[in-house]
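Notes to accompany the following structure.
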2 protein chains.
Amino acid sequence: MDGQTSFSLGPSSLTDALYESVRKRIVNGEIAPGEKLTEIRIAGEYSVARPTAKACLERLTALGLLRRTAHKTAVVPKLDEDDIRDLYFSRETVERAAVAALARTATVPQPAARAQAAMKAAAGDMAFASQVEADIAFHSALVAAVGSRRLSRMHEVILGEVHLTMGQFQAHRTTHPMNVVHEHDDILKAIGDGDPERAQQRLAHHLDQAQGRLLGQLRRERSGEATA
Amino acid sequence: MDGQTSFSLGPSSLTDALYESVRKRIVNGEIAPGEKLTEIRIAGEYSVARPTAKACLERLTALGLLRRTAHKTAVVPKLDEDDIRDLYFSRETVERAAVAALARTATVPQPAARAQAAMKAAAGDMAFASQVEADIAFHSALVAAVGSRRLSRMHEVILGEVHLTMGQFQAHRTTHPMNVVHEHDDILKAIGDGDPERAQQRLAHHLDQAQGRLLGQLRRERSGEATA
DNA sequence: GCTAGTATACTTGTCTGACGATTAAGCCCC
DNA sequence: GGGGCTTAATCGTCAGACAAGTATACTAGC
């Protein structure tokens, strides 16, 4: 099957399920940045052995969803400004290549269009977390449509960190979801028109907006903290 | 024959040293493609416990240096034509972004220049494996100079697979190393001139050549196999 | 003789339990 | 009150064990 599978490690239900669950809790912001995740805690919470928990934490660390140095407890990272810039630079690199490739053959990927439709329909009443997921699904579909396993693999990692950062700001949304939807539409349109240049340009603009929103929230939060 | 693992490097020395050693053996072609690597074998060869060996194999699997599915033994992958094309597509994506960024500020990274010099000086008598390493070092330095942690991270993974594939063809070199050196020079020159377009174009040409060499060897090997 | 189905060996996934090593924290003494 | 020492918490690694899945060899039947 298509599997689309993620990458890497040989999946076996338990380890994988554990990984998925912890990952979800992290990217959704359920586990706050700075929070410590000990092997024992995970093992306890999920009733698995410590080695199993350890493997899970190592996987997440490799993906940048946890930070850990030898003999120290893993913590959920809080991305700072530099991190976010770096993240979006890498993200743009990957996604530019993707939309350019799609535009060259004027291929509008179905899954992306579908994600768009869903997002549009439910823009008003969707929970913020769901909107983030729809957003991620859109970009994910875009890259997946290129058909490059390795590009998708890289992108997954990047999006993981993006998801993490967005998840941590869950409470305060800064823009109406329809703005995002429109930006997405612009990208799809350029792809459909077979215009790689415009597609890249629209994408760059969209990512720039997104990055700006994240940076804005970061600054706001920090200044709020300072006064509190 | 038994790998002395007493290097003192990195954080949690044992696991890391083991990983480095096995990785080196794989990318150098010491462990042939198709060869099976069981946890027990690694554990035995290095006198470590099976969990330690397991972690090592999982790490390598995550980087694409091993393939493994649940309950099956890990094997060193042999990249086919599609893999190589995919690999080089991804590689080009990352490195294009890198050289463009460097050219924009006309920054010729010292380490890259140094790698070039070394390669040039020893082009004649260097062992093939060393030339491959110098080549890799050059490209690595190029990307590292951009200063993006995440771009470098992606690139490392890509280069791992590139190294692997090159290592497997060690015996038969198909081009004089000076050709590679000249292609590298062209790229550096374009960067130094602050010409992102030309830098990308030179890079693309270089990668195209490299990919062509790999594909050629693959085909030659396969036809040789057919007659043998 | 050959195919098919079963039995066996191998390998991995996970667990339990344990020990030394390292880091962080708390306490005592000066 | 500060510095050094003891203690607690946590990680790194190990050993051994069992179940579950996979691959292979062997036997049985045609």
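Throughout, protein chains are lettered first and strands after them, A, B, ... in sequence-line order, and every chain is numbered starting at 1. None of these values were measured; they are calculated from a predicted model.
- Salt-bridge annotation for Arg91(A) and Asp86(A): absent, with no side-chain N of the basic residue lying under 4.0 Å from a carboxylate O of the acidic one.
- The side chain to side chain contact (heavy atoms under 4.5 Å, CB included) search around Arg114(B) returns Gln110(B), Pro111(B), not counting sequence neighbours.
- The pair Glu39(A)-Arg68(A) counts as a salt bridge, with a side-chain nitrogen and a carboxylate oxygen less than 4.0 angstrom apart.
- In this structure, Glu35(A) does not pair ionically with Lys78(A), as no charged nitrogen and carboxylate oxygen lie closer than 4.0 Å.
- Side chain Arg50(A) to base dG12(D): a donor-acceptor pair is found below 3.5 Å.
- Checking dT14(C), dA15(D), dT12(C) against every side-chain atom of Leu14(A), the shortest atom distance belongs to dT14(C).
- For the pair Arg41(B) CZ and dC10(C) P, the interatomic distance rounds to 17 Å; values are reported in whole Å.
- The listed nucleotides are dC15(C), dT14(C), dT11(C); the one nearest the side chain of Ile40(B) is dT11(C).
- Nearest to the side-chain atoms of Arg68(A) among the listed nucleotides dG13(C), dC14(D), dG12(D) stands dG12(D).
- Taking atom NZ of Lys54(A) as the reference point, atom P of dG13(C) lies 17 Å away to the nearest angstrom.
- DNA chain C is contacted by both Pro51(B) and Leu37(B); Leu37(B) maps to the nucleotide lying nearer its 5′ end (nearest heavy atom per residue).
- Atom CD1 in Ile42(A) sits roughly 16 Å away from atom P in dT14(C) (whole-Å rounding).
- Regarding Glu39(A), its CD atom lies at a distance of 15 Å from the C1' atom of dG17(C), rounded to whole Å.
- As rounded to whole Å, 10 Å separates atom P of dT12(C) from atom NE2 of His71(B).
- Between dC14(D), dA24(C), dT14(C), one nucleotide has an atom nearer to the side chain of Lys72(A) than all others, and that is dA24(C).
- Heavy-atom distances to DNA chain D give each of Ser47(B) and Lys36(B) a nearest nucleotide, and the one nearer the 5′ end belongs to Ser47(B).
- Remark: His184(A) engages Phe138(A), His139(A), His206(A) in a ring-ring contact (aromatic ring centres under 6.0 Å, His included) (not counting sequence neighbours).
- We find that CG of Leu18(A) is positioned 9 Å from P of dC15(C), with the value rounded to whole Å.
- Distance from the side chain of Thr52(B) is smallest for dC14(D) among the nucleotides dC14(D), dT22(D), dC11(D).
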